[in-house]
**Student:** 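What follows is a structure written as C-alpha cells; I'll ask about it next.
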There are 2 protein chains.
Amino acid sequence: MGRGKTEIKRIENTRNSQVSFCKRRNGLKKKANELSILYEAEVALIVFCSRGRLFEYSNSNISSTIERLKRISDNSVTPDLDKVFATFYYQEESAKLRQQIQMLETSNRHLLGDSLSTLTAKELEELNKKLKGSLKRIRSKKHEMLQAEIEQFYRRGRITYLISSEHLRRGLQSSPPYKNFVLEI
Amino acid sequence: MGRGKTEIKRIENTRNSQVSFCKRRNGLKKKANELSILYEAEVALIVFCSRGRLFEYSNSNISSTIERLKRISDNSVTPDLDKVFATFYYQEESAKLRQQIQMLETSNRHLLGDSLSTLTAKELEELNKKLKGSLKRIRSKKHEMLQAEIEQFYRRGRITYLISSEHLRRGLQSSPPYKNFVLEI
DNA sequence: CTCTATCTATAAAT
DNA sequence: ATTTATAGATAGAG
C-alpha cells in the first residue's frame with residue numbers, strides 16, 4: 001500500500017524494510033486490538049522477526065490465552081514445560097527442522113545438477129526450465145550491475161568517452177581527444 | 001471503514017456483526033500472512049470469539065511458535081536446573097538448525113535467480129558458472145534417460161532399427177526391411 | 001518522526 | 001456472494 005503496490009514475497013532486508021516491518025507489525029497489532037474490542041474476543045498475537053526478536057500482543061493475558069488454546073486443542077498439542085515433555089517436544093522440533101534441512105539440501109543438489117537420478121523425466125524437464133529462468137535473471141542482473149558501474153565511472157570523470165569495439169576496429173583517427181577509455185562489452 | 005466510520009467499541013451481537021467479525025478475522029489473518037512472507041517472520045494468531053469458538057493462524061506451526069515464546073519468556077522465572085539445561089541445549093540446537101535453514105534458503109533463492117541484489121559481481125559470476133554446469137549435467141542426464149528408454153524398447157522388440165534423420169533424408173531405399181522405427185533425437 | 005499519495009480493507013447495500 | 005463508497009493502512013519522501 002501507499003506510494004507503490006507491494007508484491008507479497010520475501011523482500012531484501014534493508015533499512016527501509018525494517019521501517020515497513022515495524023509499521024505493519026503495529027498495524028496488525030492495532031487491528032487485533034480492534035477485533036478484540038468490537039466483538040469481545042480474546043486475541044493473542046505472537047511474532048518472531050527473522051533475527052529472532054519477539055513481538056507479542058494480547059488483549060488479556062497471553063499465557064492464559066495459550067492455556068485456553070491448549071485445553072481446546074486436545075489435551076496436549078502443546079506440551080507442558082515439564083522436563084520430560086519439554087525434551088520430547090524439542091526433539092520433535094529438531095527432527096522437523098532436520099527434515100526441512102534435508103529437503104532444502106536435496107533441492108539445492110538438484111539445482112546444482114547433482115543427484116539427478118532420483119528425478120523423473122518430467123521433474124528433470126521442470127528443473128531445466130527453472131535453471132534457464134535463473135540464468136536469464138542472472139544475466140540481466142549482471143548487465144544491470146555493469147551499467148551501474150559504468151555510470152559510476154562516468155560520474156567520477158574517469159571516462160570521457162565510451163568506445164565500442166567496432167569503433168576501435170575502425171580506428172581512433174577521427175575520434176575526440178581520449179584520456180581514459182573502456183571497451184563496451 | 002467502508003460506508004460509514006466504525007467506532008471502536010463493543011457492538012451488539014447482530015447478524016451483521018457476525019459478518020463483520022468474519023471479515024475482520026480474515027483481514028487480520030491475511031495481514032499476518034503477508035507479514036510472515038514479506039519479512040520471513042514466524043507469526044501466530046489466536047482468537048477466541050465471545051462465544052468461545054477458536055480461530056487460529058500460523059505460518060509455521062502454532063505449537064512450536066508458542067514453545068519458542070515460552071522458551072524466551074521463561075527466562076524470567078527460575079526453573080529447576082535439569083529443565084534449564086535441556087531447554088538451553090535444545091534451544092542452541094534449534095538456533096543452529098534454523099540458521100542452517102536460512103543459509104540453505106538463501107542459497108536456493110540465489111540458484112533460482114532470486115534476491116540477486118545481495119550478491120557481489122564476483123559471486124554473481126560464480127553463480128552463473130555453477131548454473132551453466134548444472135544445465136550441462138541435466139542435459140546429459142536427459143540424454144542418458146532417453147537412451148535408456150530406447151534400449152528398453154529395443155529389448156521389448158518394439159523397435160527393429162533406429163534410423164537417424166540423416167539416414168532418412170538420404171532415403172530408405174537401400175535400408176533393411178523396417179517394421180517399426182523411431183527417429184534419433 | 002511527519003506527511004501524503006496511493007493502495008487496501010471493509011461497512012453497507014445489492 | 002458481489003459491488004461500491006469510504007475509512008484506514010502504509011510506502012516512500014521529507
Side-chain angles (χ1 to χ4, degrees), chain A residues 1-51 53-60 62 65 137 140-141 144-145 147-148 151-152 155, chain B residues 1-59 62 65 106 109 114-119:
Chain A
M1 297 162 212
R3 294 299 176 90
K5 181 170 175 172
T6 328
E7 199 189 346
I8 302 301
K9 57 176 271 193
R10 183 191 172 279
I11 59 170
E12 303 293 332
N13 194 311
T14 64
R15 174 90 192 75
N16 243 336
S17 84
Q18 295 290 325
V19 176
S20 293
F21 179 57
C22 181
K23 284 182 182 176
R24 274 177 178 267
R25 245 192 301 119
N26 286 328
L28 197 62
K29 200 169 134 183
K30 187 179 174 194
K31 287 222 167 273
N33 184 46
E34 290 181 358
L35 195 79
S36 75
I37 294 173
L38 284 166
Y39 310 106
E40 286 193 315
E42 184 172 335
V43 180
L45 174 69
I46 306 168
V47 177
F48 284 100
C49 73
S50 59
R51 288 191 312 181
R53 210 177 137 201
L54 165 68
F55 306 91
E56 53 185 309
Y57 162 82
S58 168
N59 66 315
S60 59
I62 199 156
T65 304
R137 277 192 287 284
S140 90
K141 187 74 196 178
E144 184 188 306
M145 285 173 83
Q147 290 289 11
E151 300 265 324
Q152 277 295 323
R155 252 183 241 116
Chain B
M1 300 157 212
R3 293 299 178 89
K5 179 169 175 172
T6 328
E7 202 188 344
I8 302 301
K9 56 176 272 195
R10 186 190 171 284
I11 58 171
E12 298 299 326
N13 195 314
T14 65
R15 176 93 193 78
N16 242 337
S17 84
Q18 293 292 322
V19 176
S20 292
F21 179 56
C22 181
K23 283 181 183 174
R24 274 176 178 267
R25 247 193 301 116
N26 287 131
L28 198 60
K29 201 168 131 182
K30 187 179 173 195
K31 288 226 166 272
N33 185 45
E34 290 181 355
L35 195 78
S36 75
I37 293 173
L38 283 166
Y39 311 103
E40 284 194 321
E42 184 173 335
V43 180
L45 175 69
I46 306 168
V47 177
F48 286 99
C49 72
S50 56
R51 287 190 314 178
R53 209 177 138 199
L54 166 67
F55 305 91
E56 54 184 307
Y57 162 82
S58 167
N59 67 315
I62 200 158
T65 304
T106 302
R109 266 199 302 278
D114 251 348
S115 311
L116 297 179
S117 298
T118 57
L119 297 178

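Protein chains get the first letters and strands the later ones, always in sequence-line order, with residue 1 at the start of each. Note that the coordinates shown come from a computational prediction; the quantities given were computed from them, not determined experimentally.
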**Student:** Starting at atom NZ of K29(A), determine the distance to atom P of dA9(D), rounded to an integer number of angstrom.
**Tutor:**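 Distance, rounded to whole Å: 14 Å.
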
**Student:** Side chains of E42(A) and N59(A): is there a donor and an acceptor less than 3.5 Å apart?
**Tutor:** no

**Student:** To check you understand the geometry: which heavy-atom pair defines the closest contact between L38(A) and E7(B), and what is its length?
**Tutor:** CD2-O, 3.6 Å

**Student:** With nearest nucleotides of DNA chain D determined for M1(A) and G2(B) from heavy-atom distances, which residue corresponds to the more 5′ nucleotide?
**Tutor:**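 Closer to the 5' end of DNA chain D: G2(B).
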
**Student:** Rounded to whole Å, please give me the gap between CD1 in I8(B) and P in dA7(D).
**Tutor:** 14 Å

**Student:** Could you state the CG-P distance from N33(B) to dT8(C), rounded to the nearest angstrom?
**Tutor:** 15 Å

**Student:** Given dA9(D), dT10(D), dA11(C), which nucleotide is nearest the side-chain atoms of K31(A)?
**Tutor:** dA9(D)

**Student:** How many angstroms lie between atom CD1 of I8(A) and atom CD of E34(B), to the nearest 0.5 angstrom?
**Tutor:** 3.5 Å

**Student:** For nucleotides 12-14 of chain D, give me every protein contact, N/O to N/O, under 3.5 Å, one pair per line with atom names.
**Tutor:**
from, atom 1, to, atom 2, distance (Å)
dG12(D), O6, K23(A), NZ, 2.9

**Student:** Specify the closest pair of heavy atoms between I37(A) and K9(B), including all atoms of both residues, with the distance to one decimal.
**Tutor:** CG2-CA, 3.6 Å

**Student:** Please state how far atom CZ in R24(B) lies from atom P in dA12(C), giving the value in whole angstrom units.
**Tutor:** 10 Å

**Student:** Write down the distance between CD (E7(B)) and C1' (dA7(D)), rounded to a whole number of angstrom.
**Tutor:** 14 Å

**Student:** Can you tell me the distance, in whole Å, between the CD atom of Q18(B) and the C1' atom of dT10(C)?
**Tutor:** 16 Å

**Student:** Looking only at non-hydrogen atoms, find the nearest pair between E56(B) and I62(B) and report the distance.
**Tutor:**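 Reported closest heavy-atom pair: OE1-CD1, 3.3 Å.
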
